[in-house]
There are 2 protein chains.
Amino acid sequence: MNDVPGETDTGPAADHAYRLIRDEILTGRRAGGEWLRESEMAEWTGVSRTPVREALRRLTAEGLVRYERHRGVQVQSWNVRDVDEIFSLRSVLEPWGSRLAAVSGSLDVVELADLANRMDELAPDGRPSDVDKLTELNNLFHRTVLEAADNTRLTNVISSVIQLPLVWRTFSRYTPEALRRSLAHHHELVSALTARDPDWAESVMCSHVRAAWHTIRASTHEI
Amino acid sequence: MNDVPGETDTGPAADHAYRLIRDEILTGRRAGGEWLRESEMAEWTGVSRTPVREALRRLTAEGLVRYERHRGVQVQSWNVRDVDEIFSLRSVLEPWGSRLAAVSGSLDVVELADLANRMDELAPDGRPSDVDKLTELNNLFHRTVLEAADNTRLTNVISSVIQLPLVWRTFSRYTPEALRRSLAHHHELVSALTARDPDWAESVMCSHVRAAWHTIRASTHEI
DNA sequence: TGGGCAATCGTTGTATGCAACTTCGGATTG
DNA sequence: CAATCCGAAGTTGCATACAACGATTGCCCA
């Protein structure tokens, strides 16, 4: 879970508070709409209000919390529309990133294949034993592909956009069949990237993202 | 120039400092690599270090300054690579946004045409009389199109990515011919959007961005 | 004379007190 | 009885003092 974006560490206290509060949100322990009081967070994290404020401002910039002047911050709440926004963006950016990665030549396909294999081991029958670990590997897989696209802004943009509890814990909502398909996509993407076929890579990633999109839509329909 | 992203106003002092420092960077008055000392900024803006720190953290999140723990922040410096990253991203996202805008039906084409006309008036012969005003209208034009795409994350992503002095003051580097072509693209995009032809709109915007890309590359080649 | 060490200085990081603002409850008045 | 105004409580916004850390300089020693 410690997948903190870009070395923005601003000090032990502020960083401590940031990680704790962020984790609290991404794991869903704090529901959308809940107010996060500075003094409460300060007491809970064991630091003063100053670093807490800094952490909250950072979370505001990342879109995880909502800020209202003189009123405080509350956990950002999401709906189906947010999911659609995120996945439609991903369905453009991630395939494009895969295309770039295919032709860049700077990708370690062995490492990527290893990641795909380790994910298989965590869910051999489509039933994950450790969702958190699987999520971590999945995020790493996607980030590895994107980093090979060699466009830091692309990487940052996507990682900032997928910061949503629902997206973060996506695998906990997958059916065994959907999960098996998702893992198969990973292997196919490795093949496409190994073959350095940009069209293939782009197409596989597009399928991968859109499949995930519909899987999540289906699982959230009744919420 | 007062084109501040998303109502994140955190208070008069912090907001004041933020706008001042941000403007200082975007206009190029502070060169890349220059250190921005908290106490110096505090004295200059007339507020204490606390709101200044808040402003600097915000600018850090937006990528306008570089932060190093215990050392301070310095104005982010850019190179041709940054320009390429930004424009390659824009060349994917803006056309896609135009496509969405073409089919969304939520676009006020009259307003957009008006913007294009006002830009013409500011540079009838391809020689802009007021670059700042032209820049403001151009940003507004692009944002208007994007907002019609009805994906707030797309809008935010692009506006966060184009925060670079070079991109911001882009028109000051245009040749009269390049500027005339750019303005013509705007009118053509209005036509495509009026016709609600997604392919046309996407294609025009793609040309528009890529033309700008090469114009800037040409003008920065000797830097 | 050169290298390493330590003290000092400048800067950032954190804590805390106070000011400003919002909100909510109750009293007051029509 | 309702609407409004006033005030108290709670929260955030800002300023300031102090602590922690990094850089630099000068000194000491080999």
Side-chain angles (χ1 to χ4, degrees), chain A residues 4-25 30-77, chain B residues 4-25 30-77:
Chain A
V4 179
E7 202 63 36
T8 324
D9 182 32
T10 65
D15 200 53
H16 178 71
Y18 170 76
R19 288 171 190 264
L20 254 55
I21 299 174
R22 178 172 180 271
D23 210 51
E24 201 79 353
I25 297 170
R30 303 278 180 161
E34 182 173 340
W35 289 96
L36 301 179
R37 297 298 169 196
E38 292 180 1
S39 47
E40 184 193 338
M41 296 294 107
E43 190 180 5
W44 175 56
T45 58
V47 300
S48 82
R49 273 182 56 213
T50 305
V52 166
R53 278 175 70 84
E54 197 164 311
L56 291 177
R57 289 287 134 53
R58 197 170 154 194
L59 292 167
T60 304
E62 293 169 3
L64 279 172
V65 300
R66 234 181 106 69
Y67 171 87
E68 281 182 60
R69 179 166 163 177
H70 277 296
R71 297 196 60 206
V73 304
Q74 50 184 335
V75 179
Q76 187 71 267
S77 45
Chain B
V4 179
E7 201 63 37
T8 325
D9 181 32
T10 65
D15 200 53
H16 178 69
Y18 169 77
R19 288 171 190 264
L20 254 54
I21 299 174
R22 178 172 181 270
D23 210 51
E24 201 78 352
I25 297 170
R30 303 277 179 164
E34 184 174 340
W35 288 97
L36 302 179
R37 298 295 168 198
E38 293 180 0
S39 47
E40 184 193 338
M41 297 294 107
E43 190 180 3
W44 174 56
T45 58
V47 300
S48 81
R49 273 182 56 212
T50 306
V52 166
R53 278 176 69 84
E54 198 165 309
L56 290 177
R57 290 286 134 61
R58 197 170 154 194
L59 292 167
T60 304
E62 293 168 3
L64 279 173
V65 300
R66 234 180 104 69
Y67 171 87
E68 281 182 61
R69 178 166 163 179
H70 277 296
R71 297 197 60 205
V73 304
Q74 50 184 336
V75 179
Q76 186 70 269
S77 46

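Since the structure is predicted, the reported quantities are computational estimates derived from the model, not experimental observations. Proteins get letters first, then strands, A, B, ... in listed order; numbering begins at 1 in each.
A search for side-chain contact (heavy atoms from CB on, under 4.5 Å) contacts involving A/His70 returns nothing, not counting sequence neighbours. For B/Glu68, the salt bridge (charged side-chain N to carboxylate O under 4.0 Å, His left out) test picks out B/Arg71, with sequence neighbours left out. The side-chain contact (heavy atoms from CB on, under 4.5 Å) test applied to A/Gln76 returns A/Arg66, not counting sequence neighbours. Not counting sequence neighbours, the partners of B/Arg49 by the side chain to side chain donor-acceptor pair (under 3.5 Å) test are B/Glu38. Residues satisfying the side-chain contact (heavy atoms from CB on, under 4.5 Å) test with A/Glu40, not counting sequence neighbours, are A/Arg30, A/Arg37. For A/Ser48, the side-chain contact (heavy atoms from CB on, under 4.5 Å) criterion is met by A/Thr50, A/Pro51, not counting sequence neighbours.
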Dot-bracket encoding of pairs in DNA chain D, which uses [ ] for pseudoknotted crossings and | for another strand, Watson-Crick or G-U under 3.5 angstrom = ||||||||||||||||||||||||||||||

Under a 4.0 Å heavy-atom criterion, the protein footprint on nucleotides 5-20 of chain C, written with B, S and -, is ------SBBBBB----

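A salt bridge links A/Arg19 with A/Asp15: the distance from a Lys NZ or Arg NE/NH1/NH2 to an Asp or Glu carboxylate oxygen falls below 4.0 Å. Looking at A/Glu54 and A/Arg58, no side-chain N of the basic residue comes within less than 4.0 Å of a carboxylate O on the acidic one, giving no salt bridge.
Counting heavy atoms from C-beta outward, B/Ile21 and B/Trp44 have side chains that approach closer than 4.5 Å.
The two atoms that bring A/Val47 and A/Ala17 nearest to each other are CG2-CB, 4.3 Å, heavy atoms only.
You can see that DNA chain D meets the heavy atoms of chain A within a 4.0 Å-exclusive cut from D/dT11 to D/dG13, reading 5' to 3'.
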